[in-house]
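To find a chain, count down the sequence lines: A is the first, B the second, and so on, and within it residues start at 1.
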Number of protein chains: 2
Amino acid sequence: MAVLRRFDGNIISCRHRGVILSRHAGATHFWTSPHTALTTSSLNSRIIDTLRRQIATATLAPGHKLPAERELATLFDTTRITVKDALSMLETEGLIYREERRGWFVSLPRLEYNPASRSHFHEMVRAQQRQAQTQVLSCETVVAPCELVTEMGLSPLSKLIRICRARCIDGRTVLYVEHFLRPELFPGIEQQDLSQSLTALYQREYGLEYSRSRFDICPTAVRGEAASTLNLSQGSPVLAVSRINYDQFDRVIDCDREIWRHDAVRIRVESLSF
Amino acid sequence: MAVLRRFDGNIISCRHRGVILSRHAGATHFWTSPHTALTTSSLNSRIIDTLRRQIATATLAPGHKLPAERELATLFDTTRITVKDALSMLETEGLIYREERRGWFVSLPRLEYNPASRSHFHEMVRAQQRQAQTQVLSCETVVAPCELVTEMGLSPLSKLIRICRARCIDGRTVLYVEHFLRPELFPGIEQQDLSQSLTALYQREYGLEYSRSRFDICPTAVRGEAASTLNLSQGSPVLAVSRINYDQFDRVIDCDREIWRHDAVRIRVESLSF
DNA sequence: TAGTGGTCTAGACCACGGT
DNA sequence: CCGTGGTCTAGACCACTAC
């Protein structure tokens, strides 16, 4: 049906000067179906294909910084806008990411994340041969946001404890997370070390265990404090995972809102069908 | 901590002529945390805020077509590029979507989708008061793509049956899906009506039932046949959900690759913690 | 202070969709 | 055929980062 039209030439010729960047055949990326054809051959997609190939072959290795946009524009004999379009597309694809005014970088392998597991973040990261770090940004009592009143079944104008944290993998902040806790269940939690696993803390200090949870996964755009914490520009794509957790007595314990850099994670869930 | 700085003025004043578009205060969108601040007030974010508000109040109702980019540029006294930037950001956020060369439209409510449930697509859509439709694009025997050989535990150069379908909600194609089936389990399936639920077909005709499955969720960019089927431009953001399904004897039955329009769906999973 | 991306101007031509 | 977005040019100034 769909015909496979790969761009197999090594020389990416530009309109005026001609540019040689890629000398290797591309490897197949998991999310690149071999059944999809490349139908366009615009300048834009030549830039994309060239960069994609360099990334696939690790000629551009994970974490490496790309040349400046102006430099790439010169290299490909075009303007910054065209280059930016190409880079945005690769960003959407998750192959590269940007840091606000710092430049563009090749993405690191995605963390495999199972939101149904109560495995601790640090453990999960270590199990994947990566290094984790957690930073507490704030802990304060707030009036429950109205959508949480509904979601958590609270009475209106309830108070909640809000804990904000940033989590890093291999030195890069990839996750901004807000926890909303029912204060009556967690007296004095402000005095605890909140950079550790909250799940462990709940259990050790308060005898509360997750029994079941419900989570929503929703790709969206980042704004506000989450954006600056993640070094992202306003409106960059992220993956929002919100969870409601129930304890062994089926009471709502807390609610998380995780904002993941969308190139940094792959959700994997094992489940029984029902 | 973060200060709430809402843009509460009704009059969006542009640099030369001044434009009044919005007259209503915005409602809070679920994914818009009230704890995040709007830190910029560029021309771009004024466009975004104005459109966001109009959408939140359904002044711009779901499914409605936005004015042409050139028209918006005139309206906001700016250029098409600036308008496109704003529209792209709203697209990333999932509030609007585009159809290739047709224009920009306000997104419909997201379908709530639980990949762990074996509920049939048509049932699930109907349960949410929407209308579903399925179109079979192709059914053919192919050599197993190499990443599936690994994922499904096949011997190299195995053959698989590949079924490609498009699924619509309320007349809009929102899902492109490929199924890869082990041919030895499904003799003669090509002669069946493949526009119905495959799950039901497996059970009725072949006595096979899903018992468990593993799925991966990964935001990425769309290319190739999936893009044209979904009326998307190359590189638009989508949500890729790939699943491996096991039968009651714990054998791999099939593997799905779903490509969802990223504004059309919200993944919701209920799970026991472990 | 130099370098970077963020934002923006003011146009242009083309390809495809719908009539 | 016209209207639409898709792509592209050739610059500009600003804000922030890193040194």
Donor on one side chain, acceptor on other, A/Glu91 and A/Trp104, under 3.5 Å: no
Qualifying residue for side-chain hydrogen bond (donor to acceptor under 3.5 Å, both in side chains) with B/Asp170, from B/Gln131, B/Gln129, B/Arg130: B/Arg130
Would you tabulate the pairs of protein nitrogen or oxygen atoms and nucleotide nitrogen or oxygen atoms of nucleotides 14-18 of chain D closer than 3.5 angstrom?
from   : atom 1 : to       : atom 2 : distance (Å)
D/dA15 : N3     : A/Arg101 : NH1    : 3.0
D/dC16 : O4'    : A/Arg101 : NE     : 3.3
D/dT17 : O3'    : A/Arg102 : NE     : 3.1
D/dA18 : OP1    : A/Arg102 : NE     : 2.3

Interatomic distance, B/Ile96 CD1 vs D/dG5 P [rounded to whole Å]: 11 Å
Most 5' of B/Ile81 and B/Met89 on DNA chain C, judged by nearest nucleotide: B/Met89
Rounded to 10 degrees, the angle between the two terminal axes of the helix from C/dT1-D/dA18 to C/dG18-D/dC1, each from five pairs: 20°
Length of the line joining A/Arg46:CZ and D/dT7:C1', which is rounded to integer Å: 12 Å
Phosphate contact (C/dC8 OP1 or OP2) by B/Asn44 side-chain N/O below 4.0 Å: yes
Distance test, side-chain N/O of B/Ser233 to OP1/OP2 of D/dG6, below 4.0 Å: yes
For atom CZ of A/Phe76 and atom P of D/dC8, their distance in whole Å: 12 Å
Non-neighbouring partners of B/Phe105 that pass ring-ring contact (aromatic ring centres under 6.0 Å, His included), sequence neighbours left out: B/Tyr97
Contact under 4.0 Å: A/Lys84 side-chain N or O vs C/dG5 OP1/OP2: no
Touch class at under 4.0 angstrom, heavy-atom based, for B/Arg98 against every strand present: sugar-phosphate
Nucleotide C/dG17, atom P - distance to NZ of B/Lys65 in whole Å: 15 Å
Any donor-acceptor N or O pair under 3.5 Å, side chains B/Glu225, B/Tyr176: yes
Nearest-nucleotide pick for A/Glu69, side chain only, options being D/dT9, C/dC13, C/dG6: C/dG6
Flag if over 12 foreign heavy atoms under 6.0 Å of CD, B/Glu100: yes
Interatomic distance, B/Asn231 CG vs D/dG6 C1' [rounded to whole Å]: 15 Å
pair B/Glu140-B/Val142: side-chain heavy atoms closer than 4.5 Å: yes
D/dG11 OP1/OP2 closer than 4.0 Å to side-chain N/O of A/Thr79: no
Distance-only donor-acceptor check, side chains A/Arg165 and A/Thr134, under 3.5 Å: no
Whole-Å distance separating the CZ atom of B/Arg80 from the C1' atom of D/dC8: 11 Å
Whole-Å gap separating C1' (D/dG5) and OH (B/Tyr97): 15 Å
Separation of C/dG17 C1' from B/Trp104 CH2 (nearest whole Å): 17 Å
Short side-chain donor-acceptor distance under 3.5 Å, A/Glu93 and B/Thr220: no
Salt bridge (Lys or Arg N to Asp or Glu O under 4.0 Å) partner of A/Glu99, chosen from A/Arg261, A/Lys65, A/Arg172: A/Arg261
Check: B/Gln128/B/Tyr113 side-chain N/O donor and acceptor closer than 3.5 Å: no
